[in-house]
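Down below is the structure, laid out as structure tokens.
Bear in mind that the values here come from a model prediction, so they are computed numbers and not experimental data. Convention: sequence-line order gives letters A, B, ...; per-chain numbering from 1.
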Amino acid sequence: MDETDRRRLASAAASRWFALLQSDQMRRDEREQFIDWLRESPLHVAEMLRIVDVHGALEQFNLWTEIATGPKSSADDDSVIRLEPRAAAPAPTERPVRNRVRLVAGIAGAFALVAVFSVLFLTRGQVIDTDRGERREVVLADGSVLQVDPETRVRVKYTDALRELFLERGRAMFHVTRNSLRPFVVHSDGTTVRVIGTTFGVERQGRKVVVTVADGKVAIMAALTPTTPDSHQLTAPANPARDRAARHSDAQVLLTANQQVTVQASGSAEPVQEVDSQQALAWAEGRLIFHNDTIETAIRQFNRYNRVQMTVANPALAAHPINGVFNASQPNSFIAFLQSVAAIRVVRDGDRSITLLAAGTDAH
Amino acid sequence: MTSVDAKRRISDWFRQWRSPLRRFLGRTGVPRADIDDVAQEVFLRLMRYDRTELIEHPQAYVFKVASNVAVEWSLRAHHKQPHRHQWLDQLVATGQADSAFLLEKSHGEIKRALNTLTPHQREILKLYYTENLQYAQIAERLGESLRSVRRQFEKSYDRLRQELDPELLGVITHGRD
């Protein structure tokens, strides 16, 4: 066993001991074992202190309202704790309704006023509609998770045979729970994305649809005639996407991890691009990444995520290129960064409006 | 001893150990010392204590010893480098901006790590850290056994320990001021 393995084992044991310490259920023989374990190796002491560090970090953590929760699932019963479908291989069993109700009650009670929250869908047809500055993380009935960006509209339609979603505007990231008997299908404009279990993002840019895969494999079918939003009505008669998918299977594009494709309104797909999916899907984690983008472009992105709206007064300043990774919900950090790379003046009007000016120019 | 007292004590012990470390790692400007070094010293001291004494209050001893080690190291570092504060003071302005940035980054890092847990594990942690519920209360609220709740804590801590960037973890738990 090498050093890494020993550390790994020590860390797992330290987690067990720390959880036991916290539970206040330590019997005398367990205390004895704990002390003996600690006195076995400095490595054990070190890992214990590291777990205490994790506890300390969680005590200091101030974004709990942005953390989505959910009921117990099959993923909690084995040693696998990743959200990604690759690891959560066993198909989830239907959970009792009582658990769902409890989850909803718990969330409602604890976090009434949060920008990012979880909703569990109890009914079969639902619409998720977000405003400017509003992000949501939604846990669907099958355990799949949707990260919905601002200014996005998604319709959800679950039947026993199919999990169908319609992205009508904006963008969303899908963490799909694997279930080979019940495919997960996302429709956006004329494009259909069909998966069994994976993680991917779908983004509507005007009449174009951009699909990026983070994990697993997805099939994309572009309809020859784009469907209208009306045809996506949840009350539409039985017209399963399975049929639609079958009809257009000849226009299918297969994407695997770290690949992206853009489908035009005409239904034609551009060549598949190799991308860094972590970067291309950074928006799903509330991160904005800029590579030689102009300040104007960056500000437009920030404004989508925040109530406070920024404007740039000088065209030359607006065209200034910037690079960096930012937290979308922290425009002030972005401004602080700008001040370090460009000579700018910041004029605040109340708490909703910020104007950026090149240093030396007047606000009006 | 009530369980509320027990939880408070865990937090108090933690703070005892954290505060001197914060002073040591933060104010003296020494690069973040490896916990392994502190652990080595704590380990040696634990070996010197009487086992039966340790068994009575294991947490108290462990954290107290760790805290003492940190205090002593802090003093030692100060004597070794008496001029250190001078140039540190000159760096205050940039240091603060840096620290705010790092702090924000570390919250983001914790969020990322939490999102690698299952929704259920996140729910349990959330109940513990935001609603201040004890294990037994969480078990009752979720209709699960105490053992199962404890098991989820174990898995979560273990996972977060592997996931979290140690450098950013240091920023949030010990600060950089």
Quiz item: Side chain, backbone, both or neither: which part of B/Leu44 has an atom under 4.5 Å from a heavy atom of chain A?
Solution: neither
Quiz item: So, A/Asp36 and B/Arg51, do they make that salt bridge, N to O below 4.0 Å?
Solution: yes
Exercise. Heavy-atom distances under 4.5 Å only: say whether A/Glu30 touches chain B with side chain, backbone, both or neither.
Key: neither
Exercise. Look at A/Met26, A/Met48, A/Glu32 and state which one has the largest set of heavy-atom pairs under 4.5 Å with chain B.
Key: A/Glu32
Self-check item: Contact summary for A/Ser11 and B/Gln162, nearest pair of heavy atoms
Solution: OG-NE2, 2.8 Å
Self-check item: Structural part of A/Ile35 lying under 4.5 Å from a heavy atom of chain B
Solution: side chain
Quiz prompt | Which portion of B/Leu54 sits near chain A, non-hydrogen atoms under 4.5 angstrom | solution = both
Self-check item: Set of ring pair (Phe, Tyr, Trp, His ring centres under 6.0 Å) partners for A/Phe337, sequence neighbours left out
Solution: A/Phe326
Exercise. For residues B/Phe153 and A/His55, establish whether the separation of their ring centroids is below 6.0 Å.
Key: no
Quiz item: Should A/Glu47 and A/Arg7 count as an ion pair when the cut-off is N to O under 4.0 Å?
Solution: yes
Self-check item: Heavy-atom proximity to chain A below 4.5 Å, by part of B/Tyr135
Solution: side chain
Quiz item: For A/Leu43, is it the side chain, the backbone, both, or neither that has a heavy atom closer than 4.5 Å to a heavy atom of chain B?
Solution: neither
Quiz item: Among B/Leu114, B/Thr52, B/Ile124, who wins on heavy-atom pairs under 4.5 Å with chain A?
Solution: B/Leu114
Practice problem: Side chain from CB out, backbone as N, CA, C, O: work out which of these in A/Ala336 comes under 4.5 Å of a heavy atom of chain B, or both, or neither. | Solution: neither
Exercise. Answer yes if the side chains of B/His120 and B/Glu144 hold a donor-acceptor pair under 3.5 Å, and no otherwise.
Key: yes
Self-check item: Residues in ring pair (Phe, Tyr, Trp, His ring centres under 6.0 Å) contact with A/His44, at least two apart in sequence or another chain
Solution: A/Trp37
